[in-house]
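Quick caveat: nothing in here was measured; it's all calculated off a predicted structure. Note that ligands are numbered from 1 as they come in the structure, with each ligand's atoms numbered from 1 the same way.
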Amino acid sequence: MIGEKKVLFSGMQATGNLTLGNYLGALKNWVSLSDEYECFYSVVDMHSITVRQNPAELRKRARALLILYIAAGLDPEKNCIYYQSHVSGHAELAWILNCFTYMGELNRMTQFKDKSAKHADNINAGLFTYPVLMASDILLYQADVVPVGIDQMQHLELTRDLAQRFNHIYGNVFTVPEAYIGKVGAKIMSLQDPAKKMSKSDENPNASIFLMDEPDVIMRKCKRAVTDSEAQILYREEQPGVKNLIDIYSACTGKQPEEVVKEFDGRGYGEFKLAVGEAVVSVLKPLQDEAARLNKDKAYIDSIIKKNAEKADYYAMKTLRKVQKKVGFPERIR
Ligand code: TYM
């Protein structure tokens, strides 16, 4: 708790171009939860270097992502929006928690398996211990709730296990966090292969809608989305392509999937895809415009970056000092 409020933590990697999946699965929920909680939203740039990055590109993307958080509607005066690398406590806690995590636990992580298959020439130790850094992000702020897409659930389970393990040995040190998964949009699938999640790194450019795609590109990608030959708009597992489009439309319009099915009863896929495209554009266009506006205000963004890093650091240090003491590090004499 901070004051009267429970704490929320979440983060996103500044790697590649963000997709509609990132927005509907995470960022959109962050905004809707932000009044209720004391929120920390991090641009997790330390996670990004588990895969080789171009330094100038990473810096640019990290700033663009931080601006996007604000453009999406998170008020940086109320929400702590900051770069992970600006708060050294993340790395310090990660080291300690590494010593409480078993190799077997990390070996089971599906994201590690996927990423090491994709980057076979660079299976580094950071990629392996990535979930421990993620646990540290969350536990450092004593977060109660962590809004994420379904793909992050396994990491969240590990975070809970680590918190409980630590608490069991040292008493009540960490809050054990809960995941928050949105009702719609928690797993947006590829537009070209609805069996796969929509991902930044998909090789097929038509598979993902990127948050910065121009309206005509969005419309074209929606029109080309893979469906089926059933010729009926129903929300069911047997029609994964159509189901995914219904999810996207629902998440963008705030309508329930059942309402969408009723709305498009008897209408063709062509018409439906057009409506999906328009719904996506109506959500992304204002976001893009606001990001472009904020991007010009360098002094304002810089002041946010500084102020919020200090705020994050203050709360991070409170937890870190407690943990250091518990594990037996000598007291600081200053
Ligand atoms: P990342 O950067 O891959 O994704 C950011 C968020 O977007 C969600 N997401 C999706 N949701 C629905 N459909 C999709 N197709 C889709 N693709 C991505 C993710 O679930 C995530 O919520 N390890 C994390 C970043 C992280 C983090 C944290 C998150 C680091 N520390 C602490 C929460 C708390 C990651 O790589 O997310």
Q: Any heavy-atom pair between the side chains of Leu27 and Met12 that's under 4.5 Å?
A: yes
Q: Does Ala26 reach ligand 1 with a nitrogen or oxygen that is under 3.5 Å from one of the ligand's nitrogen or oxygen atoms?
A: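 No, since none of the N or O atoms of Ala26 sits under 3.5 Å from an N or O of ligand 1.
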Q: Report the part of Ile138 in contact with ligand 1, treating N, CA, C, O as backbone and CB onward as side chain, heavy atoms under 4.0 Å; options are side chain, backbone, both, neither.
A: side chain
Q: Kindly identify the option in Asn22, Val148, Asn244, Asp151 whose heavy atom sits closest to atom 20 (O) of ligand 1.
A: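 Considering heavy atoms of Asn22, Val148, Asn244, Asp151, the nearest to atom 20 (O) of ligand 1 sits in Asp151.
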Q: Check this for me - ligand 1, Met198, N or O atoms closer than 3.5 angstrom, yes or no?
A: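 Yes: some nitrogen or oxygen of Met198 is under 3.5 Å from one in ligand 1.
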Q: A side-chain contact here means heavy atoms from C-beta on lying under 4.5 Å apart; do Ile248 and Val280 qualify?
A: yes
Q: For ligand 1, which atoms, with element, lie under 4.0 Å from some heavy atom of His47?
A: 30 (C), 31 (N)
Q: Between Tyr23 and Lys28, is there a cation-pi geometry (under 6.0 Å to ring centre, at most 45° from the normal)?
A: no
Q: Taking non-hydrogen atoms only, is Lys200 closer than 4.0 angstrom to ligand 1 via side chain, backbone, both or neither?
A: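 For Lys200, the contact with ligand 1 is made by the side chain alone.
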Q: Which heavy atom of the protein is the closest neighbour of atom 29 (C) of ligand 1, given with residue, atom name and distance?
A: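 Protein heavy atom with the smallest distance to atom 29 (C) of ligand 1: Gly11 O, 3.4 Å.
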Q: Please report which non-hydrogen protein atom sits nearest to atom 2 (O) of ligand 1, along with the residue it belongs to and the distance in Å to one decimal place.
A: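 Result for atom 2 (O) of ligand 1: Gln13 N, 2.9 Å.
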Q: At under 4.0 Å between heavy atoms, is it the side chain or the backbone of Lys187 that contacts ligand 1, or both, or neither?
A: backbone
Q: Distance to 0.1 Å, residue and atom name: give those for the protein heavy atom nearest to atom 23 (N) of ligand 1.
A: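 Protein heavy atom at minimum distance: Tyr130 OH, 2.7 Å.
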Q: Between Glu259 and Lys262, is there a salt bridge with N-O shorter than 4.0 Å?
A: no
Q: Looking at Met46 and Ser85, what are the two nearest heavy atoms and their distance?
A: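 So the two residues come closest at SD-CA, 3.7 Å.
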Q: At what distance is the nearest protein heavy atom to atom 5 (C) of ligand 1, and which residue and atom is it?
A: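 The protein heavy atom lying closest is Met12 CG, 3.1 Å.
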Q: What protein heavy atom is closest to atom 37 (O) of ligand 1, reported as residue, atom name and distance in Å?
A: Gln152 NE2, 3.7 Å
Q: Do we see a donor-acceptor contact under 3.5 Å between the side chains of Glu278 and Ser282?
A: no
Q: Using a strict 4.0 Å cut-off to heavy atoms of Gly25, name the atoms of ligand 1 that fall inside it.
A: 11 (N), 12 (C)
Q: Show the numbers, then the answer: is there a ring pair (Phe, Tyr, Trp, His ring centres under 6.0 Å) between Tyr82 and Tyr41?
A: CA-CA 7 Å; Tyr82 74 100; Tyr41 295 115; 9.7 Å; no
Q: For residues Lys221 and Phe210, determine if any side-chain heavy atom of one lies less than 4.5 Å from a side-chain heavy atom of the other.
A: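 Counting from C-beta outward, Lys221 and Phe210 do come under 4.5 Å.
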Q: May I ask you to check whether Phe40 and Phe9 place their ring centers less than 6.0 Å from one another?
A: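 They do not qualify: ring centres at least 6.0 Å apart.
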Q: Pick one: which of Asp202, Asp151, Thr19 meets side-chain hydrogen bond (donor to acceptor under 3.5 Å, both in side chains) with Lys197?
A: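 Only match with Lys197 under side-chain hydrogen bond (donor to acceptor under 3.5 Å, both in side chains): Asp151.
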Q: What orientation do Tyr83 and His86 show, parallel under 30°, tilted 30 to 60°, or perpendicular over 60°?
A: perpendicular
Q: Check each heavy atom of Asp137 against ligand 1 and say whether those closer than 4.0 Å belong to the side chain, the backbone, both or neither.
A: side chain
Q: Could an N or O of ligand 1 be found under 3.5 Å from any N or O of Gly21, whether backbone or side chain?
A: yes
Q: Between Ile188 and ligand 1, does any nitrogen or oxygen pair lie at a separation below 3.5 Å?
A: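 By distance alone, the answer is yes.
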Q: Is there a side chain to side chain donor-acceptor pair (under 3.5 Å) between Gln239 and Asp228 once you walk through the steps?
A: CA-CA 7 Å; Gln239 293 181 257; Asp228 50 52; 3.3 Å; yes
Q: Out of all atoms in ligand 1, which are within 4.0 Å of some heavy atom of Gly185? Include the element for each.
A: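 Here the atoms of ligand 1 in question are 12 (C).
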Q: Check Ala186 against ligand 1 and report side chain, backbone, both or neither, counting heavy atoms closer than 4.0 Å.
A: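 Looking at Ala186 and ligand 1, just backbone atoms fall under 4.0 Å.
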Q: Heavy atom of Ala143 under 4.0 Å from ligand 1?
A: no
Q: Within the structure, does Gln111 bring an N/O atom to less than 3.5 angstrom of an N/O atom in ligand 1?
A: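 No, since none of the N or O atoms of Gln111 sits under 3.5 Å from an N or O of ligand 1.
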Q: Please write down residue, atom name and distance for the protein heavy atom closest to atom 28 (C) of ligand 1.
A: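 Scanning the protein heavy atoms, the shortest distance from atom 28 (C) of ligand 1 goes to Met134 CG, 3.5 Å.
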Q: Are Phe128 and Phe112 close enough that their ring centres sit under 6.0 Å apart?
A: yes
Q: Closer than 4.0 Å to some heavy atom of Phe9 - which atoms of ligand 1 meet that?
A: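 That gives atoms 32 (C), 34 (C) of ligand 1.
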Q: Please state whether the rings of Tyr130 and His47 are parallel, tilted or perpendicular, taking 30° and 60° as the class boundaries.
A: perpendicular
Q: Give the contacting part of Val146 toward ligand 1: side chain, backbone, both or neither, where contact means a heavy-atom distance below 4.0 Å.
A: side chain
Q: If we only count N/O pairs under 3.5 Å, is Ser10 in contact with ligand 1?
A: no
